[in-house]
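Below you'll find the structure, written out as structure tokens, and then a few comments.
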Amino acid sequence: MLDKTYAPDEVEGRIYADWEKAGAFAAGAGAQAGARPYAIVIPPPNVTGSLHMGHALNNTLQDILVRWKRMQGFDVLWQPGTDHAGIATQMVVERELAEEGNVDRRTMGREAFIERVWQQKEKSEASILGQLKRLGASCDWSRTRFTMDEGLSAAVLKVFVELYRAGLIYRGKRLVNWDPQFETAISDLEVENVEVDGHMWHFKYPLAGGETYEYVEKDDDGNVTLRETRDYISIATTRPETMLGDGAVAVHPSDERYKPIVGKLCEIPVGPKQHRRLIPIITDPYPDPDFGSGAVKITGAHDFNDYAVAKRGGIPCYRLMDTRAGMRGDGAPYAQAAALAQTIVEGAQMSEAEIDAINLVPDEYRGLDRFEARERVVADITAEGLAVTTTDEEGNEVALVEARPIMQPFGDRSHVVIEPMLTDQWFVDAEALAKPAMEAVRDGRTKFVPAAWDKTYFNWMENIEPWCISRQLWWGHRIPAWYGPDDEIFVAEDEEGALDAAIQHYLAHEGPWKAWVEERLENYGPGDILTRDEDVLDTWFSSALWPFSTLGWPEGTAELTRYYKTDVLSTAHDIIFFWVARMMMMGLHFMDEVPFHTVYIHALVRDEKGQKMSKSKGNVIDPLDLIDRFGADALRFTMAALAAQGRDVKIAESRVQGYRNFATKLWNACRFAEMNHCARVDGFDPSLVNLPLNRWIIGEAATTAAQVTEALEAYRFNDAASAIYRFIWNTYCDWFLELAKPVLNGPDGAGKDETRATAAHVRDEMLILLHPFMPFISEELWGRVDNAAARETMLVHAVWPEPGGVLTELASEAKTEIDWVIELISTIRSVRTELNVPAGAKIDLVAVSADEASRHRLDRAEEAVMRLARIETVTHANAVPEGAVQAVVGTDTFALPLAGVVDVAAERARLGKESDKLEKEIGGLERKLANEGFLSKAPEAVVEEQRERLVEAQAMRARLSDAIERLSALS
RNA sequence: GGGCGGUUAGCUCAGUUGGUAGAGCGCCACGUUUACACCGUGGAUGUCGGGAGUUCGAGCCUCUCACCGCCCACCA
């Protein structure tokens, strides 16, 4: 006997253990012979934190698909695993070290630090996988992979080497986004551009040798508005501290104002006067003559636009900052930005001699933080009188500083200002790989759901830039590249391979290094010849291989053959670039086939006010907490019900609570069935039942099964959820069980047997349809009620109903009848409430001039009607009795003799309201049917439908007006 | 600057080929019944953001305006 309420916390752990013990989630478990494969790879959670709402949503949806397909008999694999999450994990461990008061990673050393990170990985992985299990995720845990495990690392090495050999990976000195906090390069995608309050300063760059020119400014009509003699060129900048690295000043070729001085030199007005550098004034299409002064300082090593200008114009790029902050010791988070540094010049045009001659960063600025240096530079220039000035309100001359919003790049993890830096990095030629990846979406081999996301995909892919994949971190896949004594690069899957290649290379080439290598080999051994690249790969590099690396690639495993390509990838839209696009590229390149045919993009989870959840806002809802309080099933059902496409998911706790109540409702329905000895009957054939009520519920169940299936096929999780919700609560509980009570309470006999068998049969159907959404409670009920020992399988492997209209068709007549009964009861209830008939009072029901069919129906449903509508007697008459209230159900009229009980005014109001509604409807229908255009142009069926509606409405109106008349006579 | 999405009941949102609006929660009233108060029964509530157009007919298609989100982008 079931308890009165369902206790998820007592059930879920046990049920999950049962599934695991039975190997229920193993690839192919429960599959029919010759089943087709169905595979989903999990977006691997990072080994940093714990399950958040996004995980809960995404993994619920995947689990729904996987459980559904498994029940449909597919050979299902849900491939689990975790991601090493380079920066994120390193960050967590470094923070932990600091909190423990432990030495930092540099003091610790690379090896010890990495060992420490592995400990973190073990701890975190166990935790997050455990949380996925609490959610009910039915992954094949025996196949759990980690992006840095042996097999996946082998895949990474092979991919790197092959792409390198194909010329699709290369090393180069380029301007990259440098994160001064983590001291590593990051990719464009890891940069967030944020508008912040900034300043723009205007400075005078004196012309070399005190030269002067006539500066003329004109308005749009060509009238001269300013004419003066100048010995400088005015530039505007938001980053004065980079002036020391300027390589030129650029103006637009069409800019008449600066024509006289193009090609001449000007002086950077910072630093000791004897050491100031002269730079050329050049032309380039980049400067906008209408912005600022129209002249732009070009700092190729610290600005992406300037870098492009410098490349075009052969202008040298001077890097001003170190890639290591050094020991500053003040500990402030934003103070760890790269410091202004020793002279480092990166420019192809400059000779060694020239570089040495330049003292880029004066002593007084060395070691300063970027932002400190900025203040100093501004102060120094202003003091020297080289700032462009303006007059303030009091008539004083002051330096011109415009406060203006500027877009500033921040590291998405570090939240510090990113510094463009000229460094040596590894890049993937993304453009080449993107072409087939775009083609595959264009021709439909891979589809986005909702489809609109392909626009986002294309937009990014069409403008794709080289992908910077090297990271100056320790945690990750170390790049398989080795450098020879002359910095020659040798890429191979292991050191031995690189060394072989290197020895071969050096011995085959006459030159200074041949003898050196020979000498080394003889006296020291091969270990000293090569140095391995220190860097590791971007974490997304290994993620990009996930759909095939987890299946065993590069080994030609059976799983790889069977499950690749996979079926669906489910993720959030903010991951399309980072991950989806790159999986497409790598999958197509290495497997020659797309990694999945469908990309399902789910909504983003927000709080109930629509705010993004974040720790700082304190509005984070913890899914584990919800599971503790309401059960995993309730959380899952909420996720499914809210998963409407293309939107944000706003989660309110009341919703979860509501679905917990739903679980209880189901529980009690099963409890009721159990109490009434509703049990499965061997050989029960739903198409052979007789009672209209039973035929009806079987038809409704079949309709629901079709709806749920159809919705899932279209990834409309919310539609699927609401179909099963409505069926269980509003159809099975509210009507079927209530209408069945007279039979179940009545005398034994064929009808009672049939009703019991039907109740049990439909209950099982409900459990099956509900299982993907609420796996725990459904499995628990499946295993506890009604001779559970005789079940052929656990519910997780039960057979999903084949969609097909047979049962629905068989039930169509029964549906007409039961719908009629439901309407009759509802109408009586409605009349009772509106006329304030006391709930406890039993009243009489008179069927007026009922035809044969209606008499029959009423007869069959009499007991139920009496019970549910609180009716004392049911009688027949040819006219509405004096003083009776009338109720209309379809074409039938009923009377409720309520003389004395009735509140005449209330009844008049009720009828008046109903009549108003009718008049409105009739008016609309008449107008429509009088419309020539409608009659001639609308489809026949539509016209016919409107005609029928009009006839019905008119008949109803006639009956109503009769009733109103009688009411008048009464009063 | 470019692109995408949104604006429907008090709240959160459905509404799939155009046939005059739905759910959950909340609210109000009443609670008799061999499951369930995490319940039952009934009820109220919308010029579907504004305007124009196409159409016999528009929440749905077109244009336009307003407001709100998000993404991408180099204006010093």
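Treat the numbers as computed from the prediction; the structure is a model and nothing was measured. Just so it is clear: chains get the letters A, B, ... in the order the sequence lines come, proteins before strands, and each one is counted from 1.
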*asked:* So, does A:Arg716 get its side chain near the phosphate of B:G15, meaning an N or O under 4.0 Å from OP1 or OP2?
replied: yes
Using a 3.5 Å cut-off and no angle test, enumerate the donor-acceptor pairs between side-chain atoms of residues 401-410 of chain A and protein atoms at least two apart in sequence or in another chain.
| unit_1 | atom_1 | unit_2 | atom_2 | d |
| --- | --- | --- | --- | --- |
| A:Glu402 | OE2 | A:His202 | NE2 | 2.5 |

*Quick one: list whatever passes ring-ring contact (aromatic ring centres under 6.0 Å, His included) with A:Phe934, sequence neighbours left out.*
none
Could you pull out the protein-nucleic contacts involving nucleotides 37-41 of chain B (nitrogen or oxygen on both sides, under 3.5 Å)?
| unit_1 | atom_1 | unit_2 | atom_2 | d |
| --- | --- | --- | --- | --- |
| B:C38 | O4' | A:Asn661 | OD1 | 3.0 |
| B:C38 | O2 | A:Arg660 | NE | 2.7 |
| B:C38 | O2 | A:Asn661 | OD1 | 3.2 |
| B:C38 | O2 | A:Thr664 | OG1 | 2.6 |
| B:C39 | OP1 | A:Asn661 | ND2 | 3.2 |
| B:C39 | O3' | A:Lys665 | NZ | 3.2 |
| B:G40 | OP1 | A:Lys665 | NZ | 3.1 |
| B:G40 | OP1 | A:Trp729 | NE1 | 2.5 |

_Sequence neighbours excluded, every pair satisfying salt bridge (charged side-chain N to carboxylate O under 4.0 Å, His left out) that has a member inside residues 295-309 of chain A_ = A:Asp246-A:Lys297
*Side-chain ion pair, A:Glu952 and A:Arg949, N-O less than 4.0 Å*: no
*Could you tell me the separation between the CD atom of A:Glu834 and the C1' atom of B:A44, rounded to a whole number of Å?*
11 Å
*Has A:Arg239 got a side-chain N or O lying under 4.0 Å from the OP1 or OP2 atom of B:C75?*
no
_What's the gap between B:A52 and B:U45 when it is taken at their C1' atoms, as a whole Å value?_
30 Å
*Spacing between A:Met461 atom CE and B:C4 atom P, to the nearest angstrom*: 19 Å
_I want to verify a distance call: between B:C74, B:G19, B:U34, whose nearest atom is closest to the A:Asn305 side chain?_
B:C74
*Please report, rounded to the nearest Å, how far the C1' atom of B:G2 is from the CD atom of A:Glu462.*
13 Å
*Stems where RNA chain B pairs, listed by first number, each of three or more Watson-Crick or G-U pairs under 3.5 Å*: B:1-7 with B:66-72, B:10-13 with B:22-25, B:27-31 with B:39-43, B:49-53 with B:61-65
*Under 4.0 Å between a Lys/Arg side-chain N and an Asp/Glu carboxylate O for A:Arg867 and A:Glu863?*
no
_ring-ring contact (aromatic ring centres under 6.0 Å, His included) partners of A:Tyr258, counting only residues at least two apart_ = A:Tyr215
*Test the A:Lys665-A:Tyr732 pair against the cation-pi criterion, namely NZ or CZ under 6.0 angstrom from the six-membered ring centroid and within 45° of the ring axis.*
no
*Strictly by modelled atom types, are A:Glu190 and A:Ser187 linked by a side-chain donor-acceptor pair under 3.5 Å?*
yes
*Out of B:U34, B:G19, B:C70, whichever nucleotide has its closest atom nearest the side chain of A:Arg867*: B:U34
